[in-house]
Amino acid sequence: MTEPLSPQYDPGAIETSLYREWEENGWFHADEQNVLGGKRDPYVIVIPPPNVTAVLHMGHGLNNTIQDVLTRWQRMRGREALYLPGTDHAGIATQNVVERLIATEGKTRDDLGREKFVERVWTFVDETGSTILQQLRAIGCSCDWSRTRFTLEPDLSRAVREVFVRLYDKGLIYRGNYIINWCPRCLTALSDEEAEPEETNGKLYHLRYPLAGDAPAGLPRLPDGRAYIVVATTRPETMLGDTAVAVNPEDGRYASVIGRDIMLPLAERVIPVIADAYVDAEFGSGAVKITPAHDPNDFDMARRHPIATVNILNPDATLNDSVPAAFRGLDRFEARKKVVAAFEAAGLLEKVEDHRHAVPHCYRCDTVVEPRLSEQWFVKMKPLAEPALAASREGRVKFTPERWTKVYDGWLENIRDWCISRQLWWGHRIPVWYCRAPGCSEMIVAREDPTSCTRCGGTQLEQDHDVLDTWFSSWLWPFSTLGWPDETQDLKAFYPTNTLVTAPEILFFWVARMIMAGLEFRGELPFTDVYLTGTVRDLQGRKMSKSLGNGIDPLEVVNLFGADALRYTVIAGAGLGTDVYMDPDNLESTFAVGRNFANKVWNAGRFALMNVSSDTVAPVADVSASLELADRWILSRLDAAIEDVTRHLESFRFHEAAASAYHFFRGELADWYLELVKPRLLDGGDAASRAAAESTLVAALDGILRLLHPIMPFITDALWRRLPRVSGETAAASIMIASWPQSGVRRDADAEAAMTALMELIGEVRKLRSEYNVPPGKPISIRLTDVHAVLEQCLAAEERAVRRMAKVGSIERGASGDADAAGPAAAGGAGAHAVLRGGAELFIPLAEMVDVAVERDRLQKELDRVEGMLRGVEGKLSNEQFTGRAPAEVIEKEREKASNFRDQRDRLSSKLKSLA
RNA sequence: GGUCGCAUAGCUCAGCUGGUUAGAGCGCACGGUUCACAUCCGUGAGGUCGUAGGUUCAAAUCCUACUGCGACCACCA
């Protein structure tokens, strides 16, 4: 990286080679010995492992940029920084991808069989699985690739088994028949979290259920004389599995019916009417049909009452043989139509209402999930949740933004058992074996595959067919990736980790469970800080997604504008946990912030590199005697920037950190300091002044490049490594392993005050020139009155700059009396005025500019403004409440303000008079 | 139904512990071939800080209610 800088900023030309160099030099690698030997404190972030089949999207772009910002920043702060990468086998998701793939060959997974299918998935994963990790390199992530992990690799599988066995031995894993969420398309059970409710416009069907035999009076009757009860349901087809009708015991309307029988239509079964407090008398008719096999509440009810359970659904959600022949084999939705039609034909359909309700959908394939009774494995969560809850309540784990704490707590407080078995082929197979030897029904739960039955010694062992929920491996990620269950050096050095950065969508799926697992299996929280990012959305506020086609491909952005532009844009746009809005149809405007800033950094850097005379400069301390106002000012501002950026990074306010760095670079260094030192660097002249300027410029650039490095790693390194060296200091080979700058050493209030005055003066002259349409090249004379000490100081130091930057020919000084006594006319006629802070006044003779009428109008407006302001302040000061209670310095400030406004008003009105 | 969050310039958002004349980027208008940069420079227009109350000497900032939007949770069939 020592070729000359290209005049045009070309990110493509620097990024790839820099990344390769960082990686080849081992700078991403964290050395556990440095931690164990006490040389450095660790800083660890484990990546939220993307699905192994994933392709990088802007969500990753945002998350991983934040993770890398933190990693790089802490690395520069001297921590042994580990950013641990890896991927998740993503059970259902990956299996679905490969199933679709073989479907194009006209095959199903059953055609291949389990073994061949799993082989096929492995091939697929081996071929394409590292895509996303490659892509993370393109956005500059400084991951320790030597520690890359995969949730289904042997070491991590061992951790999974260890955990399964431990929990089983503790009685926290059990198998049982319960209602679970079943996806009829994926043909597997799902956890509660994997069934996503979606508001849907459905129907509420009111069905008439005739009573069997004699009926008490007071009930409505069918034309044939039978009495009936109305029940309401959103899923009428499930009536074929009804085994009771329930009413509230307090509900007088039904008191006489409790205990009687109903003849279930279509099925022609007799079912009882039972009483249960669960039933809400206010809803619908107050009577509920009970389908224990297909509704969790009904299932619970069946455990409280002696009623039957009829499972009417096959795994693919077609009706099975327990229903009348006419309905067998029908898809559930077909069956729904047919059942409703049958009720209508029989005069049993009371009414159908529109009904908006939440229907659960499979989080992977969006199919409507069916509650279904089946035998599954569960984790008993309560004992695990309690310590995790305590950790947040006691503040040992901190969420940012803080409001997520409540969401986390709420979930843990109402924790439900976790269904962990999946009827899939791709995943960790459940480490349970059943002895099939005649007369033996032993179940073996083991870390290692058993070869014979522990009870009968037989060898006819069959492993459980199911695999584990993919999150059952993810929840171990912070320690399984470090070698657990072995007590490895890595584990000792890098566990617990520090910061977890992820999307709030997986707070329950992943974050909460990791905390539980960390506490349970390591006795220690897996991390102390959780930063929940926002969501990347399009301009309509829709989440970016492949299916909507509103995504932005980060790699396209990298190609167009560079990784630094992408990273800066994303960071600057991401307020504390707020969503990031981007326009997928206008990448140019979306990423303009980052691209333009990167371009600015590049060019400012180039300017400095081209104009510093040698490749070594003196340390600032050595030239302190010749530092000029501008030098002291920019060093002071750099100091402030260091403080701000550091403070903001510490509180996860990345956008503010970016803004502080941006403001310093653009608003102070590029716009002002570079302009101020140009004469000293370009026009020759005083050698000491030049040396001071060079040292200062190098120091300022050095500092801001370091501050920007975590956010914009490439461009900062490309420039930084070419900066002139500071004599007597040894420079690191790359900014990424250089140290984070210290603040609190170069603040200079005097220089800041003087430069502020200077900048205001130049700004005012520019403003007036622009207002009066003075040709840009034309020098004009200005007159200053009431020049106070601070302004005097800045003029003495930088008069040359005023002339150059504001195109001023001569600067005339006047005493305060001049303008007031004789008016501007005395100074040569009408003119433009501006009152500067501190009371000094700027006057530009109108003759230098134009039009008296326009000027008069302008002055009148200004006068109105000042008078308004003065009224406000005077009002405040005449308020006894204020003068009586506000702190003295606040009142003093207000008084000062008032007197300034009065001065301004007097001057403005006298000038206005002089123009009349 | 419960809980939480948001509402500031045309757009996307800052504004951390109440206290100068509420800021940035994009967009817009005007003017610029100044030797780092037109991916640039200078200047400007544009805000009753959602509405109504309240607390306070002082509210974009704290409190209450309302309106609108959003998120999460929840077994009302």
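Below, chains carry the letters A, B, ... as their sequence lines are ordered, and counting in each starts from 1. Keep in mind it's a predicted model, so treat the numbers as computed, not measured.
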A/Asn596 side-chain N/O to B/rC26 phosphate OP1/OP2 under 4.0 Å
yes
Please work out if A/Val593 contacts a base, only the sugar-phosphate, or nothing of the nucleic acid, heavy-atom cut-off 4.0 Å.
sugar-phosphate
Checking all strands, does A/Phe283 fall into the base, sugar-phosphate, or nothing category for heavy-atom contacts under 4.0 angstrom?
base
Start at the 5' end of RNA chain B and walk down; is the nucleotide closest to A/Gly573 or to A/Asn611 reached first?
A/Gly573
With rounding to whole Å, what would you report as the distance between B/rG47 and B/rG23 at their C1' atoms?
11 Å
Separation of A/Arg804 atom CZ from B/rC35 atom C1', in whole Å?
11 Å
Which of parallel (below 30°), tilted (30 to 60°) and perpendicular (above 60°) describes A/Phe652 and A/Phe654?
perpendicular
Scan A/Leu204 against the nucleic acid and name what it touches under 4.0 Å (heavy atoms): base, sugar-phosphate only, or nothing.
nothing
Would you mind pulling out the nucleotide paired to B/rU43, Watson-Crick or G-U wobble, both distances under 3.5 Å?
B/rA29
Would you mind telling me which of B/rA74, B/rC76, B/rC73 lies closest to the side-chain atoms of A/Asp280?
B/rC76
Side-chain donor/acceptor of A/Glu194 to backbone N/O of A/Ser191, under 3.5 Å
yes
Should A/Lys406 be listed as having a side-chain N or O under 4.0 Å from OP1 or OP2 of B/rU3?
no
State plainly whether the residues A/Arg647 and A/Asp644 are in salt-bridge range, i.e. N to O under 4.0 Å.
yes
Counting just side-chain N and O atoms, does A/Arg416 come under 4.0 Å of either OP1 or OP2 of B/rC75?
yes
Please pick, from B/rC26, B/rG42, B/rA36, the nucleotide with the shortest atom-to-atom distance to any side-chain atom of A/Ala592.
B/rC26
Salt bridge between A/Lys203 and A/Asp354, side-chain N to carboxylate O under 4.0 Å?
yes
So, OP1 or OP2 of B/rA36: does either fall under 4.0 Å of a side-chain N or O from A/Lys678?
yes
Which residue lies more 5' along RNA chain B, comparing A/Arg356 with A/Lys767 via nearest heavy atoms:
A/Lys767
Look at the side chain of A/Arg666 and decide which nucleotide, out of B/rC75, B/rC40, B/rU39, has an atom nearest to it.
B/rC40
Mind checking A/Tyr408 for me? I need base, sugar-phosphate or nothing, with any heavy atom below 4.0 Å counting as a touch.
nothing
Any side-chain N or O of A/Lys600 less than 4.0 Å from the OP1 or OP2 oxygen of B/rC41?
yes
What's the closest nucleotide to the A/Phe508 side chain, out of B/rA36, B/rC72, B/rU34?
B/rC72
Counter-base of B/rA36, judged by Watson-Crick or G-U geometry with both distances under 3.5 Å
none
Grab the CZ-C1' distance between A/Arg766 and B/rG32 for me, whole Å please.
12 Å
Do A/Glu694 and A/Arg680 sit within salt-bridge range, that is, some charged N less than 4.0 Å from a carboxylate O?
no
In Watson-Crick or G-U wobble terms, with both distances under 3.5 Å, the base opposite B/rG5 is B/rC69
If we take the C1' atom in both B/rC37 and B/rU48, what is their distance in whole Å?
41 Å
Same-atom distance (C1') from B/rG15 to B/rA9, integer angstrom
14 Å
